[in-house]
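Worksheet: one structure, shown below.
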Amino acid sequence: MSANLEKTYNHHDVERRWSSAHWESEGIFDAEHFRVFEGGKEPYTVLMPPPNVTGSLTLGHVLNHTLQDIFIRYQRMSGKEALWLPGTDHAGIATQTVVEKKLREKGVSRHDLGRKEFLEHVWKWRDEYGGLILKQLRKLGISCDWRRNLFTMDEGASKAVRHAFITLYRDGLIYRGKRIINWCPVSQTALSDEEVIMKPRKDKLVYVRYPLTKRPGEHITIATVRPETILADVAIAVNPEDPRYSDLIGEMAVVPIAGRHVPVIADDYVDVGFGTGALKITPAHDPNDFEVAGRHNLPVLCVVGRDGRMTDEFGYAGLDRFEAREKIIADLEGRGSLVKVEEYEHNVGYSERADVVVEPYLSEQWFVRMKPLAANALQVVNDNQIRFHPAHWISTYRHWMENIKDWCISRQLWWGHRIPAWYDQEGGIWVAESYEEACHLAGTDKLVQDEDVLDTWFSSWLWPLTTLGWTGEQAENDDIRAFYPTDTLVTAPDIIFFWVARMIMAGLYFRKDVPFRDVYFTSIIRDMTGRKLSKSLGNSPDPLKVMDVYGTDALRFTIVYIAPLGQDVLFGEEKCEFGRNFATKIWNAARFVFMQREKAFGGMDEFGCAYQCFNSEAMVLSDAERWILGRYHRMLDAYHKAFGQFRMNDITRIVYDFFRGDYCDWYLETLKIELAGESSETRKHQAVCLAVYLLEGVLKMLHPVMPFITEEIWHHVLRREDSESIARSAMPMPETGWHDRGSDSFELVQKTVSETRSIRAVFGVPHDMTASLIIRAPEKTVRRLFSDNGAVVEGLTKCNVSIAEDSQRPPHAASAVVDGNELFVPLEGLISFEKEIARLEREVNSVSGYVRRMERKLANKGFVDNAPDDVVENERRKLAEAKSNLGKLQANLKVLCN
RNA sequence: GGGUGAUUAGCUCAGUUGGUUAGAGCGCUACCUUGACAUGGUAGAGGUCGGAGGUUCGACUCCUCUAUCACCCACCA
């Protein structure tokens with residue numbers, strides 16, 4: 001490897017050289033429990049939210065996994081034994097749907113194949129395509145311990161699921177019951193409440209007349225949006241307080257079309273103000289009606305089947321529920337039962353996956369009793385044993401926990417963990433690890449296993465345990481002892497209920513300890529107009545393409561830079577220019593530093609020797625160097641603090657600002673001048689060492705965000721083996737006290753340079769022309785500062801500098817005042833007096849306005865009496881400085897006006 | 001109906017316990033291809049911080065009300 005970098009930064013080469021495959025073979029990212037137990041290293045663990053096996057990489061993954069990688073790399077470099085647990089989720093409905101769709105293209109349904117053969121197809125599909133997302137994640141450069149990759153259907157995880165189910169069942173927290181659940185007519189399975197999305201929808205509110213049995217000619221009118229369920233009506237309900245209907249309570253009414261005689265009942269549930277104040281009761285097709293029916297001992301009739309088609313005996317059977325609705329409205333009208341139809345917009349539940357209206361469906365399902373689990377899970381968050389970032393998610397979490405309902409965990413699918421329950425011929429339920437065990441318990445071998453599988457999240461909620469090898473019966477091992485509880489969970493806020501809350505419950509229940517300490521909720525990524533990214537909108541850029549065009553580091557840096565804690569992110573791939581430009585800048589700056597190194601030292605060996613002995617404390621520093629070291633340590637301090645506060649976009653901002661604004665724009669520019677000057681060789685050697693030292697520090701700080709480019713450059717800092725990694729190097733720590741060492745005196749030089757450059761630009765002094773700069777500095781220390789930095793000022797302003805305590809003001813000069821020091825740039829032939837007068841007048845106005853405000857402030861007794869002394873003192877000092885500057889500005893203006 | 005968050009320059013956003021004349025990137029204007037970098041440099045124009053009130057010596061920052069937008073939760077047919 002040559003000592004310096006290639007002239008042009010090529011991210012493809014760099015990413016190829018330091019690929020995930022390279023590090024996997026070196027075992028660089030592997031974490032071991034013995035290093036915790038015997039090596040005394042502190043553990044740090046991140047749980048990867050397992051992506052769906054059906055998935056491919058989205059920008060959401062990019063943000064999410066980059067953040068996790070940043071945490072992991074940072075902690076690894078901070079000396080912890082950092083473990084990142086990867087894996088994939090079997091994603092029940094999603095995967096089954098994908099495979100069924102593929103089969104359907106060949107004209108085969110899963111029922112044609114049968115359960116066993118269908119599952120073979122799913123496994124085959126998973127083996128073939130299931131690794132795609134992990135491959136893509138590797139491209140992102142994330143540093144997991146890939147040896148521990150877990151799939152939620154692996155044997156260990158499956159064992160854990162069975163154990164969890166059995167334990168909860170024995171503890172009375174899982175039960176089987178007949179309830180109204182959310183039914184997806186497309187996937188033909190039950191869903192949990194969380195899998196139902198409420199969406200506004202326009203429907204018809206239909207007013208229907210029900211004749212009263214014993215009062216010929218009289219009737220009661222109800223309003224419904226689901227007229228097709230009239231066929232299953234078992235009562236009419238009114239509010240007991242409603243005077244309009246009080247005399248009708250106890251009467252019988254006739255259900256149109258069905259001809260059924262049903263009672264008029266009174267129930268508080270009915271809202272007097274809605275519709276007609278009378279409500280039809282259809283227990284099988286509405287959860288509220290089901291409850292009302294329970295209170296009044298009413299029968300339950302069902303007219304909609306599992307496929308969303310009618311099953312009634314009134315001539316609608318086989319019709320889709322929405323077709324039946326239209327037909328019934330027409331039929332009601334034909335019979336004269338229809339009063340009127342109103343347009344009505346209301347919220348309707350849709351199936352998350354299939355995006356169809358969910359059918360409330362009465363069926364036998366398995367449920368988890370959530371209230372007892374929620375109590376502890378809420379407690380640990382209230383007690384700060386688990387911290388949310390940003391913290392405001394606690395109120396959302398709390399609200400859900402306090403209003404929690406039982407969790408429907410059975411799914412009428414084939415792909416998933418089969419429910420470990422068997423039924424005997426009398427209908428008795430036997431929950432056991434295996435058929436054999438169930439037979440043993442039941443005392444018979446005539447048992448049939450429950451056909452259903454478990455909700456995917458029933459395995460996900462055990463993820464913190466199963467990834468560490470917990471199977472329930474095998475509840476203890478070295479990994480769990482070393483790494484549980486895990487530390488940081490990074491996840492999108494939309495699965496706070498699905499996953500985060502339930503993991504907390506499971507951790508507390510099965511391990512008696514929280515599953516993690518900190519939860520970082522990532523931003524939701526939107527397009528530039530604020531819309532959510534989605535495949536159907538076509539507004540979702542392909543991250544792999546973005547990585548290819550701009551570079552993986554550029555994408556990682558950009559997305560973290562623009563993603564503040566707790567805020568949505570508007571992303572357009574052109575934003576990655578920002579990260580790409582920064583990467584290029586780093587490359588070029590490093591190349592420059594290495595060039596200077598080569599000039600000063602010749603060979604890498606000579607440099608290596610000097611660099612390894614280098615100590616900035618033992619070096620005689622220039623003002624610029626003292627300043628940059630002060631800035632460096634201040635930045636380091638801010639950087640580590642930002643990590644502590646989970647302010648991830650701050651860390652990119654902090655390093656970016658330092659590197660661009662301070663290191664490149666000022667410090668490297670002064671370094672050029674220093675090295676071109678007359679200093680001794682030793683001094684030049686030290687200057688180069690310092691430049692490399694600071695560069696290496698910045699590389700380490702950037703490494704968690706930009707792993708590839710920092711790795712490449714780091715390998716050029718010294719001779720290093722390919723097996724070595726910056727990822728295993730030590731993160732620099734801040735030293736305080738640089739402020740006291742006068743690190744800010746260089747700022748006066750900077751201000752002087754900027755003012756002088758401004759004058760040159762405003763008056764159009766040609767670039768190749770050397771001008772003069774006269775500095776009138778009343779204080780000796782300041783004159784000393786300028787004379788020490790004379791070459792720097794001359795180099796950066798392209799002016800010959802002269803310094804004096806009280807020099808004559810040249811006649812044709814532009815002027816400026818910096819901290820009480822006057823700058824004169826003689827511009828014979830170039831100066832426009834009008835321009836200069838206008839410029840000075842603007843400045844005088846601005847400063848005198850400031851002075852007036854400050855005088856008013858300090859004349860205010862309330863301020864002087866109430867504000868802290870140091871604040872008042874500071875304001876006095878500022879006023880004095882401004883007044884002194886103002887006086888000098890006015891004097892210079894006066895000279896011009898005469 | 002309840003809850004949460006946002007509102008600062010043309011655009012996208014910083015502004016961490018209230019105390020410098022409110023900052024950056026992109027875009028824009030002018031100048032510059034100088035031996036790290038035009039994916040760059042230097043200089044410049046451009047906001048009074050959604051609106052109204054209040055607390056305070058002092059408010060972009062705290063409180064109240066209000067407007068707009070976004071998201072989450074909620075069984076009124």
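All chains are named by letter (A, B, ...) in the order of the sequence lines, taking the proteins before the strands, and each is independently numbered beginning at 1.
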- Just say parallel, tilted or perpendicular for the rings of A:Phe646 and A:His389, cut-offs at 30° and 60°. parallel
- Task: Taking atom P in both B:C13 and B:U8, compute the distance separating them and give it to the nearest angstrom.
- Result: 9 Å
- Starting from Watson-Crick (N1-N3 plus N6-O4 or O6-N4) and G-U wobble pairs under 3.5 Å, report the runs of at least three that RNA chain B belongs to. B:1-7 with B:67-73, B:10-13 with B:23-26, B:28-32 with B:40-44, B:50-54 with B:62-66
- Integer angstrom distance from the P of B:A59 to that of B:G18: 13 Å
- Query: What does A:Arg591 touch in the nucleic acid at a heavy-atom separation under 4.0 angstrom: a base, only the sugar-phosphate, or nothing?
  - Reply: sugar-phosphate
- Looking only at side-chain atoms of A:Arg757, point me to the closest of B:A36, B:U42, B:A77. B:U42
- Task: Round to a whole Å and report the spacing from CH2 of A:Trp587 to C1' of B:C37.
- Result: 13 Å
- Taking atom C1' in both B:U16 and B:C62, what distance in whole Å separates the two? 15 Å
- Query: Between atom CG in A:Asn588 and atom C1' in B:U34, what is the gap in whole Å?
  - Reply: 15 Å
- How close or far is atom C1' of B:C73 from atom CG of A:Asp193, stated in whole angstroms? 12 Å
- For A:Asp865, which contact category applies under a 4.0 Å heavy-atom criterion: base, sugar-phosphate, or nothing? nothing
- OP1 or OP2 of B:C73 under 4.0 Å from side-chain N/O of A:Thr396: no
- Item | Selected nucleotide, minimal atom distance to A:Lys585 side chain, candidates B:A70, B:C73, B:G40 | B:G40
- Would you indicate what A:Glu669 reaches in the nucleic acid, counting non-hydrogen atoms under 4.0 angstrom: base, sugar-phosphate, or nothing? base
- Message: For B:A36 and A:Lys672 - does any side-chain N or O of the residue sit under 4.0 Å from the phosphate oxygens OP1/OP2?
- Response: yes
- Message: If you count heavy atoms of other groups shown closer than 6.0 angstrom to NZ of A:Lys878, is the number above 12?
- Response: yes
- Message: Over 60° means perpendicular and under 30° means parallel, so tell me whether A:Phe578 and A:Tyr656 are parallel, tilted or perpendicular.
- Response: tilted
- Whole-Å gap separating P (B:G44) and CD (A:Glu843): 11 Å
- Quick one: do the A:Thr282 and A:Asp233 side chains pair a donor with an acceptor below 3.5 Å? yes
- Note on the structure: In B/S/- notation (B base, S sugar-phosphate only, - none; protein heavy atoms under 4.0 Å), nucleotides 7-20 of chain B written 5' to 3' is -----SSSSB--BS
- Would you say B:G40 has OP1 or OP2 under 4.0 Å from some side-chain N or O of A:Thr584? no
- If we take the P atom in both B:C57 and B:G10, what is their distance in whole Å? 35 Å
- Distance, rounded to the nearest Å, where A:His285 contributes NE2 and B:C75 contributes P: 20 Å
- Query: Taking OP1 and OP2 of B:G41, is either one under 4.0 Å from a side-chain nitrogen or oxygen of A:Arg660?
  - Reply: yes
- Message: Between A:Asp657 and A:Arg653, does any side-chain N to carboxylate O distance fall below 4.0 Å?
- Response: no
- Got a salt bridge between A:Asp406 and A:Arg179, using NZ or NE/NH1/NH2 to carboxylate O under 4.0 Å? yes
- Message: Below 30° counts as parallel, above 60° as perpendicular, anything between as tilted: where do the rings of A:Tyr361 and A:Trp183 land?
- Response: tilted
- Task: State whether the distance check finds a donor on one side and an acceptor on the other, under 3.5 Å, for side chain A:Glu755 versus base B:A43.
- Result: no
- Query: Taking CD1 from A:Ile524 and C1' from B:U4, how many angstroms apart are they, rounded to a whole number?
  - Reply: 12 Å
- What orientation do A:Tyr667 and A:Tyr663 show, parallel under 30°, tilted 30 to 60°, or perpendicular over 60°? tilted
- If you check the A:Tyr656 side chain, which of B:C75, B:G25, B:A36 turns out closest? B:G25
- At under 4.0 Å between heavy atoms, what does A:Lys405 touch on the DNA or RNA strands: base, sugar-phosphate, or nothing? sugar-phosphate
- Could you give the distance separating B:U34 and B:C28 at their P atoms, to the nearest angstrom? 23 Å
- Give the nucleotide from the list B:A77, B:C57, B:G44 with an atom nearest to the side chain of A:Asn860. B:C57
- Taking 4.0 angstrom as the limit, do A:Glu359 and A:Arg226 come out as a salt bridge? yes
- Taking atom P in both B:G23 and B:C37, compute the distance separating them and give it to the nearest angstrom. 32 Å
- Message: Side-chain N or O of A:Asn581 versus OP1/OP2 of B:G40: is the shortest distance under 4.0 Å?
- Response: yes
- Note on the structure: salt bridge (Lys or Arg N to Asp or Glu O under 4.0 Å) filter on A:Arg877, not counting sequence neighbours, yields A:Glu881
- Query: Roughly how far apart, to the nearest Å, are B:G54 and B:C75 at atom C1'?
  - Reply: 42 Å
- Is a donor-acceptor pair below 3.5 Å formed from side chain A:Lys7 to base B:A36, judging by atom type as modelled? no
- With sugar-phosphate meaning primed atoms plus P, OP1 and OP2, does A:Arg526 contact a base, only sugar-phosphate, or nothing at under 4.0 Å between heavy atoms? sugar-phosphate
- Which is true for A:Tyr344 with a 4.0 Å heavy-atom rule: it touches a base, it touches only sugar-phosphate, or it touches nothing? sugar-phosphate
- Message: Any base atoms under 4.0 Å from A:Phe497, or only sugar-phosphate, or nothing? Heavy atoms, all strands.
- Response: sugar-phosphate
- Message: Would you measure the distance from the P atom in B:U4 across to the matching atom in B:C11 and give it in whole Å?
- Response: 29 Å
